[in-house]
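The chain is numbered in sequence order, starting from 1.
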Amino acid sequence: MIAEATVYKLLSSDEQFNTLLNSIRGGEFGSGYKQGIFTYVIPETPVNVIKKELAPFVRINPNYDIPVHYADNVPQAVEYRVTINFWTKTARQSEQITKLMDDILEKAGFERYTANEKPRYKDTSIDLLMNVRKYRYFDWTVKTGNEEI
């Protein structure tokens with residue numbers, strides 16, 4: 001499993017999520033990109049899409065991928081974690097996006113685990129709110145040799 005690719009597919013293919021982003025933005029993302037959902041980096045070349053008028057836009061990064069829950073020194077699962085950052089103009093927009101994002105990802109088995117962290121703060125370089133969400137997923141289908149557990 002490539003967690004960031006899975007999350008990208010879940011969010012970018014969800015019609016309700018795309019409709020919400022477009023309604024907040026006032027139209028489609030454009031600039032030759034599907035929806036303003038990116039993995040790893042948000043492009044600045046050949047076209048810089050980090051613009052206030054294109055908000056909201058989303059970045060998905062993996063930050064954890066490790067075997068867990070051992071039995072007899074054999075991993076029983078793999079835990080994957082991703083961080084999703086997105087930029088909005090208002091806290092109300094942030095709330096709308098997080099509620100829907102949580103719902104989409106939870107239905108697919110991801111759980112939000114952010115705790116004791118700032119959920120959003122002012123990104124002064126672009127004058128937008130930067131929102132931070134963290135999710136994890138446990139894959140209990142671990143292969144040992146030629147068999148699946």
Side-chain angles (χ1 to χ4, degrees), residues 1-44 49-71 74-123 126 128-149:
M1 170 187 205
I2 303 296
E4 64 274 24
T6 301
V7 170
Y8 173 84
K9 288 176 187 176
L10 290 167
L11 296 178
S12 66
S13 66
D14 188 276
E15 188 175 322
Q16 189 178 3
F17 190 72
N18 286 291
T19 299
L20 174 62
L21 295 182
N22 288 340
S23 70
I24 291 172
R25 192 180 297 120
E28 293 185 9
F29 189 79
S31 298
Y33 296 98
K34 183 176 180 181
Q35 182 48 281
I37 302 172
F38 304 95
T39 53
Y40 314 115
V41 297
I42 299 171
E44 294 185 64
V49 296
I50 304 174
K51 297 179 181 177
K52 190 172 184 174
E53 61 270 15
L54 293 176
F57 41 87
V58 180
R59 179 182 64 208
I60 305 162
N61 280 308
N63 59 355
Y64 199 73
D65 179 344
I66 191 164
V68 293
H69 300 291
Y70 284 82
V74 176
Q76 301 300 300
V78 176
E79 181 180 356
Y80 299 94
R81 295 183 189 180
V82 296
T83 300
I84 301 174
N85 303 105
F86 63 95
W87 288 257
T88 59
K89 295 175 185 167
T90 68
R92 174 72 180 127
Q93 292 171 351
S94 172
E95 180 182 40
Q96 292 174 302
I97 292 170
T98 57
K99 283 183 178 181
L100 188 52
M101 185 182 298
D102 287 350
D103 185 53
I104 294 165
L105 295 176
E106 286 172 9
K107 285 180 182 173
F110 286 83
E111 63 180 27
R112 183 170 166 251
Y113 73 93
T114 306
N116 300 321
E117 299 177 33
K118 290 182 180 179
R120 75 195 131 278
Y121 58 90
K122 190 69 156 188
D123 182 342
I126 193 169
L128 291 171
L129 290 177
M130 182 177 180
N131 299 267
V132 181
R133 304 294 273 187
K134 294 182 179 181
Y135 300 89
R136 65 184 176 182
Y137 178 86
F138 291 92
D139 182 355
W140 292 94
T141 310
V142 178
K143 293 184 178 184
T144 59
N146 292 328
E147 59 184 277
E148 282 190 14
I149 295 176

To the nearest 0.5 Å, what is the distance between [atom1] ([X]) and [atom2] ([Y])?
| X | Y | atom1 | atom2 | answer |
| --- | --- | --- | --- | --- |
| I84 | Y135 | CD1 | OH | 5.0 Å |
| E79 | F138 | CD | CZ | 3.5 Å |
| I97 | R92 | CD1 | CZ | 11.0 Å |
| L11 | I60 | CG | CD1 | 5.5 Å |
| Y113 | T83 | OH | OG1 | 5.0 Å |
| I24 | K89 | CD1 | NZ | 10.0 Å |

Any non-hydrogen side-chain atom of [X] less than 4.5 Å from a side-chain atom of [Y]?
| X | Y | value |
| --- | --- | --- |
| K118 | M130 | no |
| K122 | L129 | yes |
| F29 | V49 | yes |
| R25 | N22 | yes |

Looking at [X], I want to see if its [atom1] is surrounded by more than 12 non-hydrogen atoms of other residues, nucleotides or ligands under 6.0 Å.
| X | atom1 | answer |
| --- | --- | --- |
| I2 | CD1 | no |
| E53 | CD | yes |
| E28 | CD | no |

For S94, enumerate each residue passing the side-chain contact (heavy atoms from CB on, under 4.5 Å) test, keeping only those at least two apart in sequence or located in another chain.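 side-chain contact (heavy atoms from CB on, under 4.5 Å) check on S94 returns F86, T88, T98, R120, N131.
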Just jot down the side-chain contact (heavy atoms from CB on, under 4.5 Å) partners of D14, sequence neighbours excluded, or say none.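 Expected list: Q16, F17, I104.
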Salt bridge between D103 and K107, side-chain N to carboxylate O under 4.0 Å?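 Result for this pair is yes, salt bridge flagged.
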Test side chain to side chain donor-acceptor pair (under 3.5 Å) applied to T19 - qualifying residues, sequence neighbours left out: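 Partners of T19 by the side chain to side chain donor-acceptor pair (under 3.5 Å) criterion come out as none, since no residue qualifies.
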If you compare all heavy atoms of [X] against all heavy atoms of [Y], which two are closest, and at what distance to 0.1 Å?
| X | Y | result |
| --- | --- | --- |
| L128 | A55 | CD1-CB, 3.8 Å |
| A108 | Y137 | O-CE1, 3.5 Å |
| L21 | P56 | CD2-CG, 3.5 Å |

State, without any angle test, whether E4 and Y40 hold a side-chain donor-acceptor pair at a distance under 3.5 Å.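 Side-chain D/A pair, E4 to Y40: present.
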Say whether N85 and R59, considering side chains only, have a donor N or O and an acceptor N or O under 3.5 Å apart.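 R59 and N85 do have a side-chain donor-acceptor pair below 3.5 Å.
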Would you say the rings of F38 and Y33 are close, in the sense that their centroids are separated by under 6.0 Å?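 Centroid separation for Y33 and F38: below 6.0 Å.
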Donor-acceptor contact present, side-chain R136 to main-chain R81, <3.5 Å: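 Not confirmed, R136 side chain does not pair with R81 backbone.
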Applying side-chain contact (heavy atoms from CB on, under 4.5 Å), run through R133 and D102 and close with a yes or a no. CA-CA 9 Å; R133 304 294 273 187; D102 287 350; 2.4 Å; yes
Using the side-chain contact (heavy atoms from CB on, under 4.5 Å) rule, pick out the option among I50, I37, L54 that qualifies with I42.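 Filter result, single survivor: I50.
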